[in-house]
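I have a structure I would like to understand better, so I am pasting it below and will then ask my questions one at a time.
Here is the naming used below: chain letters follow the sequence lines, and residue numbers restart at 1 for every chain.
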Amino acid sequence: MSTSATDSAPQPGRTSKAGYRGTKVRRQRVRAAWLFLAPMLVALALVAGWPLLRTFYLSLTDASLSDTAGAAFIGIENYLVFDDGAWYGLLTDPVWWQSVWNTLYFSVVSVSLEVVFGIIVALLLNAEFKGRMLVRAAVLIPWAIPTIVSAKMWAWMLNDQFGIINHLLMTLGLIDAPLAWTADADLSMWAVIMVDVWKTIPFVALLVLAALQMLPKDCYEAAEVDGIHPVKVFFRVTLPLITPALLVAVIFRLLDALRVFDVIYVLTSNSTNTMTMSIYARQQLVEFQDVGYGSAASTMLFLIIALAVVIYLYLGRRQLGVDE
Amino acid sequence: MLKKTLIPAIALASAAASTSQAQADELTISCGAVGAELALCEEGVEDWEAKTGHSVNIVSTPNSSTERLSLYQQILSAQSSDIDVMQIDVVWPGLLANHLLDLREALGEDVAAGHFETIVANNTVDERLVAMPWFTDAGVLYYRKDLLEQHGVEAPETWEEMTAIAKEIQAAERAAGNDKMWGYVFQGRAYEGLTCNALEWVASHGGGTLVDANGEITIDNAQAAEALDLAASWIGDISPAGALNYTEEEARGVFQSGNAVFMRNWPYAWSLAQSEDSDVAGKVGVVKLPHGADGASAAGSGGEAQSAATLGGWNLAVSKYTESPEVAADLVAFLTGEAEQKRRAIEGAYNPTIASLYQDEEVLAAVPFFGTLYDTFTNAVARPSAPTGDNYGRVSNSFFNATHSVLSGDMTGAEAVSQLDSELSRIKRRRW
């Protein structure tokens with residue numbers, strides 16, 4: 001996507017050369033660029049564009065999973081309809097709004113925690129010590145285990161009666177009675193966030209670590225000579241320099257978190273305390289066979305994620321000062 | 001050299017495979033894996049394989065019936081022949097009928113003779129027998145005989161008695177050092193199993209069955225609210241808070257490791273609780289589920305308070321998209337036949353659907369409560385799947401979610417049933 005933008009846009013260095021814009025060479029290069037991009041664009045249109053459009057279309061019908069062919073067009077009734085003196089549809093469904101809220105809450109909290117812990121882990125791994133390579137590899141393990149597997153593993157560890165977590169906490173004397181991590185309404189969201197943070201810290205840490213390794217040594221040497229406190233060095237030098245990498249890490253994590261499904265589905269199933277937009281959409285689509293209504297939920301999910309990303313990119317650009 | 005000998009060997013082997021395929025079919029069956037189900041299913045299938053020479057693959061499916069249904073719906077709506085024979089729940093025939101084979105056509109008119117009439121009727125959709133009854137189920141109350149005797153009490157008749165006994169024994173056991181002891185475990189996760197539990201509480205308080213046979217919504221009544229409130233009072237008191245995320249197997253785990261006085265479960269848990277590696281072998285009794293108090297509440301509008309057990313049970317059906325319908329139907333006939341049902345009753349305490357087996361001495365010796373609870377099994381309360389048709393999934397979902405929020409203390413029983421009433425009316429007005 002970015003390649004096509006830079007290729008077709010007039011490049012600052014070359015536009016100054018008179019007459020370049022319309023030359024044959026230039027046109028050939030543009031044509032070649034499109035030619036090379038074409039397979040990817042076709043593939044994207046097929047695997048991303050078509051399903052998206054179809055989902056959008058289905059959300060305007062009353063399609064059912066058992067009979068997708070016989071769907072009738074019903075306009076925006078799946079979203080909102082005034083019927084018999086009351087409003088119906090997705091936008092009036094409290095469970096839907098609950099799951100939107102859950103999703104946003106989960107995303108903000110878990111991504112924030114992941115960034116903080118990710119930076120800490122990356123700083124640790126950046127330090128010189130013996131066996132560093134081994135530790136780096138070991139840290140990656142949570143990220144390497146498929147989510148569905150790690151979530152099931154945590155489900156056993158969090159079990160209220162024979163889970164190791166309760167056992168440890170009781171042994172340490174932190175709690176008197178076993179906690180129902182995945183069943184208790186107050187705890188289940190935090191249990192889910194904890195498992196997600198555990199799993200994705202390595203991902204953030206890895207990106208930050210890569211950025212840390214590229215940092216110029218001289219800044220640090222200068223700071224050391226001037227006797228500046230390491231904490232100040234971190235906030236004034238390190239953090240600004242790794243911000244671009246952090247922003248990339250955050251957008252990846254944010255996209256993942258907003259459409260989170262597997263970890264929550266395994267740990268707490270359809271419970272409305274932790275239901276996210278994806279789980280809501282799946283329930284409508286698969287459990288209730290309501291492809292129309294479920295597609296409406298999926299479309300909303302898409303719009304909300306798109307909105308979140310646009311807001312994030314806008315804020316990120318301002319922060320980075322890329323605006324000029 | 002290796003190559004030279006390998007290639008003809010492979011050619012020979014594949015030739016052999018293709019000729020044998022002409023006579024022997026390869027089927028795929030999905031059977032449950034709750035308790036001893038999978039092992040029993042494997043043994044049954046092996047017997048049939050030995051008898052017929054066909055081969056059968058067993059796919060294991062999710063333990064949660066809600067999820068199992070989703071899986072089947074995806075496979076069937078894709079018209080996939082991946083699974084030939086499916087184990088389907090007693091509430092699904094109406095939902096899946098269009099995708100299933102008429103077994104009367106494949107196996108003859110009187111194939112279901114001798115099986116419980118009600119189940120055969122339940123599995124007959126538009127005069128097509130879409131599934132053969134495999135085993136029936138009804139909720140029962142398991143209790144620790146040794147503990148009740150020790151405290152000199154009888155098995156409870158009402159939920160209030162059960163609560164009191166559970167509280168007393170739990171306190172005594174904890175005082176004696178067993179601090180993991182709980183009074184009562186049941187299936188409290190937001191899934192179909194909770195619908196079964198909640199229906200039992202509501203019906204046994206005289207609160208009706210959620211939706212009556214005519215499709216009228218009956219849940220918004222005082223008895224139903226009272227029943228749900230009573231259940232909510234158990235959480236954290238006589239039931240672990242974790243029960244809010246328990247299915248059958250989690251509840252059995254707690255009971256079977258000796259950490260619960262009472263358990264609501266299906267009959268299958270009996271043979272497992274009696275097995276050698278069970279901590280409670282020989283100490284377990286089974287009675288019918290308790291009912292609401294006979295006092296003021298029962299005199300209300302809903303009806304009489306008497307013990308109610310939700311009708312469960314599983315059937316075997318053949319997918320319409322199978323490539324070998326006759327062979328698959330034959331497998332179903334074999335597995336649901338008398339000999340196989342008897343074996344499953346003796347080894348796994350699965351309730352036969354053939355009435356005569358309840359008088360069989362070997363069966364009664366293995367599972368003594370089959371005789372005494374025969375009425376419970378035959379008069380179990382059906383979930384409202386027939387009147388709600390295609391929308392049963394939604395109805396059940398609303399019901400177990402409402403119940404779940406009462407259990408987790410987010411709502412009172414009265415709030416929940418009134419909200420549920422409007423939710424169900426919404427589903428009904430728009431779609432059923």
Least distance between heavy atoms, B:Arg189 atom then A:Thr268 atom: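 Result for this residue pair: NH2-C, 4.1 Å.
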Check: B:Ser70 and A:Gln283 side chains under 4.5 Å, non-hydrogen atoms: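 Of all side-chain heavy-atom pairs linking B:Ser70 with A:Gln283, none is under 4.5 Å.
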Which value, rounded to the nearest 0.5 Å, describes the distance between A:Phe288 atom CZ and B:Asn391 atom CG?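 With rounding to 0.5 Å, CZ (A:Phe288) is 9.5 Å from CG (B:Asn391).
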Atom CZ of A:Phe252 with >12 non-hydrogen neighbours under 6.0 angstrom: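 No - once you tally the heavy atoms of other residues, nucleotides and ligands closer than 6.0 Å, there are 12 at most.
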Pairwise side-chain contact, A:Asp184 with B:Asn245, heavy-atom cut-off 4.5 Å (strictly under):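 No, every pair of side-chain atoms sits at 4.5 Å or beyond.
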Applying salt bridge (charged side-chain N to carboxylate O under 4.0 Å, His left out), can you list everything that pairs with B:Glu249, at least two apart in sequence or on another chain?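 Expected list: B:Arg252.
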Taking the side chain as every heavy atom from C-beta outward, state whether A:Thr272 and B:His404 have any pair of such atoms under 4.5 Å apart.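 The answer is no; the side chains never approach within 4.5 Å.
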Considering only heavy atoms, which portion of A:Asp62 lies under 4.5 Å from any heavy atom of chain B: side chain, backbone, both, or neither?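 It is neither, since no heavy atom gets under 4.5 Å.
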How close do A:Val286 and B:Gln74 get, heavy atom to heavy atom, and via which atoms?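 A:Val286 and B:Gln74 have their closest heavy atoms at CG1-NE2, 3.4 Å.
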Shortest non-hydrogen contact from B:Gln73 to A:Glu287?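 Between these two residues, the closest heavy atoms are OE1-O, 4.0 Å.
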Which one of B:Leu407, B:Asn401, B:Leu96, B:Asn397 has the most heavy-atom pairs closer than 4.5 Å to chain A?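 Heavy-atom pairs under 4.5 Å are most numerous for B:Asn397.
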For B:Ala414, enumerate each residue passing the side-chain contact (heavy atoms from CB on, under 4.5 Å) test, keeping only those at least two apart in sequence or located in another chain.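 Scan of B:Ala414 (side-chain contact (heavy atoms from CB on, under 4.5 Å), adjacent residues dropped) gives B:Ala225, B:Thr412.
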Could you tell me whether A:Trp97 atom CH2 has more than 12 heavy atoms of other residues or ligands within 6.0 Å of it?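 Yes, the 6.0 Å shell around CH2 holds more than 12 heavy atoms from other groups.
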Which bit of B:Asn98 comes within less than 4.5 Å of chain A, counting heavy atoms only: side chain, backbone, both or neither?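 Interface part for B:Asn98: neither.
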Chain B contact via A:Leu267 - side chain, backbone, both or neither, heavy atoms under 4.5 Å: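 When you check distances to chain B, only backbone atoms of A:Leu267 fall under 4.5 Å.
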May I ask you to test the A:Tyr265-B:Glu67 pair for a side-chain heavy-atom distance under 4.5 Å?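 A:Tyr265 vs B:Glu67: side chains touch.
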Options A:Ala177, A:Ala183, A:Ala180, ranked by heavy-atom pairs under 4.5 Å with chain B, top entry: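 Greatest number of close heavy-atom pairs with chain B: A:Ala183.
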Would you say OH of A:Tyr79 has more than 12 non-hydrogen atoms from neighbouring residues, nucleotides or ligands within 6.0 angstrom?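 Yes, enclosed.
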Any idea which heavy atoms bring A:Gln161 and B:Lys180 closest together, and the distance?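 The pair with the smallest heavy-atom distance is O-NZ, 3.9 Å.
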Shortest non-hydrogen contact from A:Asp160 toward B:Pro240: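 Taking A:Asp160 first and B:Pro240 second, the nearest heavy atoms are OD2-CB, 3.7 Å.
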Under 3.5 Å, is there a donor-acceptor pair between the A:Asn159 and B:Tyr246 side chains?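 There is no such pair between these side chains.
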Near A:Phe162 CZ, under 6.0 Å, is it more than 12 heavy atoms from other residues, nucleotides or ligands?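 It does: A:Phe162 CZ has more than 12 such atoms within range.
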Between OG of A:Ser271 and CZ of B:Phe400, what distance do you get to the nearest 0.5 Å?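 Output value for this atom pair is 10.5 Å.
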